[in-house]
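What follows is one structure encoded as structure tokens, with my remarks underneath.
Naming: A, B, ... by sequence-line order, numbering from 1 per chain.
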Amino acid sequence: MKRFPFTAWDAGRRAMPLLSRLKGRGLIIGVPWFWLGLFFLLPFLFVLKISLAEPALAQPPYTDLIEVIGDGLVSISLNFGNYVLLWDDPLYRGALFGSIQIAAVSTLVCLLLGYPMAYAIARAPSHWRLPLLMLVILPFWTSFLIRVYAWIGILKGNGLLNNFLLWTGLIDQPLEILHTPLAVYIGIVYSYLPFVVLPLYATLIRLDLTLLEAAADLGCRPWKQFLLITLPLSLPGVIAGGMLVFIPVVGEFVIPDLLGGPDTLMIGKLMWTEFFSNKDWPLASSLAAVLLVVLIVPFVALRHFEQKAGEEQP
Amino acid sequence: MPNPRIFKPEEPWQAPEGEPIIRIENVSKRFGDFYAVDDVSLHIHAGEFFSLLGPSGCGKTTLLRMLAGFEIPTEGRIFIDGQDMTAVAPYERSVNMMFQSYALFPHMNVADNIAFGLKQEGMPKAERETRVAEMLSLVQIEKLASRKPHQLSGGQRQRVALARALAKHPKILLLDEPLGALDKKLREQTQFELVNIQERLGITFIVVTHDQEEAMTMSSRIALMRDGRVEQVDPPRRLYEYPASRYAADFIGSVNLLEGFVLSQEDNRVLVRSEEAGIDLEVIHSHPLIAGTPVTLAVRPEKVRLQNAESSLPNRLRGVIKEIAYLGDVSIYHVELPTGKRIQFTQSNIQALAEQPLTWDEEVELGWPANSCGVLEQ
Amino acid sequence: MKTLYPRIKTLALALSLTAAAQASAQELHVYNWSDYIAEDTVANFEQQTGIDVVYDVYDSNEVAEAKLLAGQSGYDLVFPTARPFADRHIQAGLYQKLDKSKLDRWDNLDPVILESLTDIDPGNQYLVPYMWGTTGIGYNVDKVKAILGDDMPLDTWRLVFDPEIVAKLSECGVALMDDATEVFVAARAYLGKPVDDFSRDAVAEAADVVSAVRPHIRYFHSSQYINDLANGDICVAHGYSGDVLQARDRADEADNGVSVAYAVPSEGAVVWTDVMVIPADAPNPEAAHQFINYLLDPAVIAPITDYVAYANANAAAEALIDPEIRADAGIYPPAETREKLLVLKTPSEREIRDMNRAWTRVKTGQ
């Protein structure tokens with residue numbers, strides 16, 4: 001990512017008269033802030049507000065925080081009980097931990113599979129790169145749901161995979177894959193792999209190959225060239241790709257619900273239950289708020305790293 | 001060899017028994033149908049500052065990359081220190097290279113960049129640190145050791161690249177346009193530093209450059225390349241004074257070229273009739289020439305002098321000054337002969353002030369000594 | 001209750017930002033379960049009345065409920081299950097009262113069914129019964145008999161709750177519904193305990209029953225069993241009567257050697273009723289009344305029963321129903337079976353939450 005160098009930024013700010021700065025720059029910076037405020041902050045505040053209410057049999061099914069009791073008296077009642085419950089109840093902690101664990105393992109597997117793919121594409125002859133990238137992107141043209149359903153057909157007891165393995169004689173009993181954690185991992189890794197491959201490809205294709213020649217020239221063998229040069233320099237891509245997998249997978253609902261077994265406990269599923277089955281919108285909202293906070297930590301770390309990397313490769 | 005000159009006997013390439021440190025034998029490199037390097041043979045000796053000079057696309061960088069091991073010759077062989085290195089991987093060669101882009105590792109600081117090669121060969125830490133310090137002081141950037149490459153100026157990066165390439169004490173250092181990215185003033189200053197370092201360390205330098213001035217300043221010998229082939233290999237002075245071809249004469253500095261044919265040859269004194277000059281010209285040339293052979297005479301502008309009453313130079317030509325270019329230290333004059341041919345000559349401006357200055361449309365008489373002129377056979 | 005497609009499709013519906021378009025006088029927005037109407041029902045209504053029907057479908061009560069609770073759903077007519085959904089919706093004020101002057105076919109409705117709704121809807125002011133059915137056990141006749149022997153009675157909850165039996169059956173696959181209330185009520189019926197007790201202790205007892213068999217349960221899902229029963233991928237499923245019968249019909253059509261049967265367990269099974277309601281904020285209640293009245297026509301509702309394999313609440317339609325459907329004990333249970341049917345009491349909100357959270361724990365083995 002090309003970043004505006006901060007020094008030039010500051011110099012420009014000093015040089016520009018205050019008024020025109022407010023007009024021109026303020027307007028341009030204001031647009032993304034406005035966007036973030038309208039479509040991120042505001043909805044989040046709604047969620048936060050609901051998380052502090054109590055469920056009620058009403059429309060909408062939660063209490064108002066602010067109530068006019070009459071005589072100009074206003075009562076504000078904030079209910080932090082949901083957050084206490086989330087902390088106290090091992091179910092929610094377990095779900096959060098389970099989600100993070102599944103997301104972490106999936107991210108790792110995606111990176112292990114996606115890195116060689118991205119590397120191969122970036123090093124392929126230039127007329128091959130576009131078709132290869134298209135092959136990575138092509139599955140997106142089919143609905144995500146249909147692709148996950150297809151995995152049911154592949155993994156189930158008398159599905160494609162088992163029938164194939166039975167036919168080859170490798171197994172004599174169908175393997176139990178569907179409705180196991182393995183199926184969840186297969187589904188997640190399959191669905192999210194392109195999100196790793198694309199940013200990795202973008203960093204690897206930008207890598208200056210003379211750096212590898214320089215390393216070779218200084219006596220560095222190919223494998224060490226990769227470890228000492230390619231890998232550290234592609235770290236921004238690794239982190240970007242990793243976050244693109246990790247963050248959505250923590251909240252993933254569809255894949256574990258369709259491919260997972262009953263013991264696949266993920267936070268997305270719990271939120272579904274709280275929202276739909278229990279009509280407990282406040283608790284579902286506090287789950288969402290906690291999840292957001294948990295996810296913001298790695299995201300901020302990513303930004304920090306990217307910024308550092310951006311300075312290194314001006 | 002035309003026109004032998006006296007060389008210092010210690011010049012390594014003149015000792016027939018000396019084993020060259022690099023032998024390039026009939027090396028060609030083909031990319032598809034295109035010959036980037038076409039049947040090149042060169043011997044380079046230990047301690048030389050050898051330049052590969054030529055315009056872009058002449059194959060000089062490809063040749064250098066074959067020495068580094070990044071390209072493998074399509075034909076021919078390369079010997080380094082007597083060993084056949086034609087197809088040896090770059091990481092197994094004892095040569096190091098300084099890249100045109102410097103190729104500094106952006107994620108490592110200066111000291112780590114310099115130590116990189118040493119780490120690869122497993123040098124103990126203490127020794128490595130001593131070596132890095134030595135290199136930092138060699139290129140005078142001791143204070144920059146902990147900076148990252150993006151925090152350095154262009155000149156500082158160039159020094160880091162040099163220090164990194166020298167850190168392993170290679171016998172041979174390959175430099176690809178080492179000064180190409182520097183501005184003119186820094187470039188001139190650095191040229192001398194490079195030569196100093198090379199002489200101090202006694203390492204063989206092989207430099208690729210497109211800048212003839214740079215090659216002339218630094219090199220012990222220059223290989224002038226064109227279209228994948230070597231046109232001429234000679235020390236700078238000889239390359240300048242006695243270019244072997246019109247291409248060589250034209251590429252290095254400016255030159256007056258006069259077409260003609262041989263009238264006669266007595267000993268090494270040759271008389272050439274040139275219609276362009278309008279007179280017969282006298283040159284010294286030892287190589288036997290048959291009368292009637294078409295030749296081109298090459299005279300450097302600074303060899304051409306103004307005639308006056310006392311001087312008795314041969315090759316007298318009269319003409320009118322048409323252009324004057326004032327360059328500060330010297331001025332270049334374009335003199336038009338009655339035949340229409342223009343001759344350039346330069347004059348130091350100290351002289352110009354002492355005498356009556358030359359002006360436009362002034363008629364002058366020019367001449368040059370018979371031994372200041374090269375003879376280029378077709 | 002009726003589910004055909006896995007719940008996930010409904011999620012997409014629930015999340016879709018496009019609420020039903022603004023209704024005009026000539027538009028009626030209907031929100032019904034998927035595959036819960038005959039193929040030509042809507043088209044015929046449009047032809048008769050000239051009203052355009054915008055017909056949306058859902059696959060779970062929860063999704064429909066979430067839309068109603070959020071408000072401004074834009075729907076004129078919805079088909080929730082009476083207990084516990086319509087019950088609490090009435091309490092939350094989500095519906096408007098019916099104008100019976102516009103429902104001249106009201107008397108066609110089965111008075112017994114109407115009477116059964118009066119505890120949650122006194123005077124039948126809000127709810128119009130549509131279809132009803134039971135939740136019982138679907139099984140693969142040949143496989144289950146091969147494992148358990150011919151003597152074992154199959155109309156019992158032991159098929160899904162007795163650890164010994166479920167362990168035996170687990171190799172051919174046992175599935176439970178993913179529905180806390182349905183499963184816990186069935187588990188309490190299996191224990192012979194009162195099914196209308198939703199106290200924490202009662203829920204814990206039921207949860208223990210499920211926990212004991214959980215390792216042998218292939219999955220918890222409220223619709224997937226239809227396909228899997230029909231294909232022979234599982235051999236026992238806890239499910240809705242109509243869905244199991246649909247699996248039976250599919251297996252028959254595929255002629256794959258799988259024969260599926262439905263049983264109402266002798267310990268007692270839940271009987272449920274789906275009702276038609278008009279949301280309080282319905283844009284076109286007039287058209288909604290017309291559509292209800294249209295569905296009260298015996299000639300309209302009988303073919304729907306023939307098509308969806310659920311019993312309707314229209315007493316006047318009985319004679320018009322396909323005799324084969326009418327005689328199917330799975331759809332119209334005989335008198336002795338009816339005695340075993342249990343009407344669900346609506347748990348309180350707190351009880352539902354406790355039950356659902358206990359359910360999540362049981363399923364995940366936490």
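- With chain A as the partner, the residue from B/Y91, B/F70, B/Y102 showing the most heavy-atom pairs under 4.5 Å is B/Y91.
- Heavy atoms of B/F105 lying under 4.5 Å from chain A belong to its backbone as well as its side chain.
- For A/F97, the CZ atom is loosely surrounded, since the number of other residues' heavy atoms within 6.0 Å does not exceed 12.
- With a 4.5 Å cut-off on non-hydrogen atoms, A/L212 does not touch chain B at all.
- The local environment of NZ in B/K171 is sparse, with at most 12 non-hydrogen atoms from other residues, nucleotides or ligands closer than 6.0 Å.
- Residues in residues 208-233 of chain A take part in these salt bridge (charged side-chain N to carboxylate O under 4.0 Å, His left out) pairs, two or more places apart or across chains: A/E213-B/R65, A/R221-B/E92.
- Between A/L235 and B/H107 there is no side-chain heavy-atom pair separated by less than 4.5 Å.
- Nearest heavy atoms, B/R164 versus A/A214: NH2-CB, 3.4 Å.
- Contact detail for B/M108 and A/L228: the closest heavy-atom pair is CE-O, 4.0 Å.
- Heavy atoms of B/L174 lying under 4.5 Å from chain A are absent altogether.
- Among B/A68, B/P90, B/S94, the residue with the largest count of heavy-atom pairs under 4.5 Å with chain A is B/P90.
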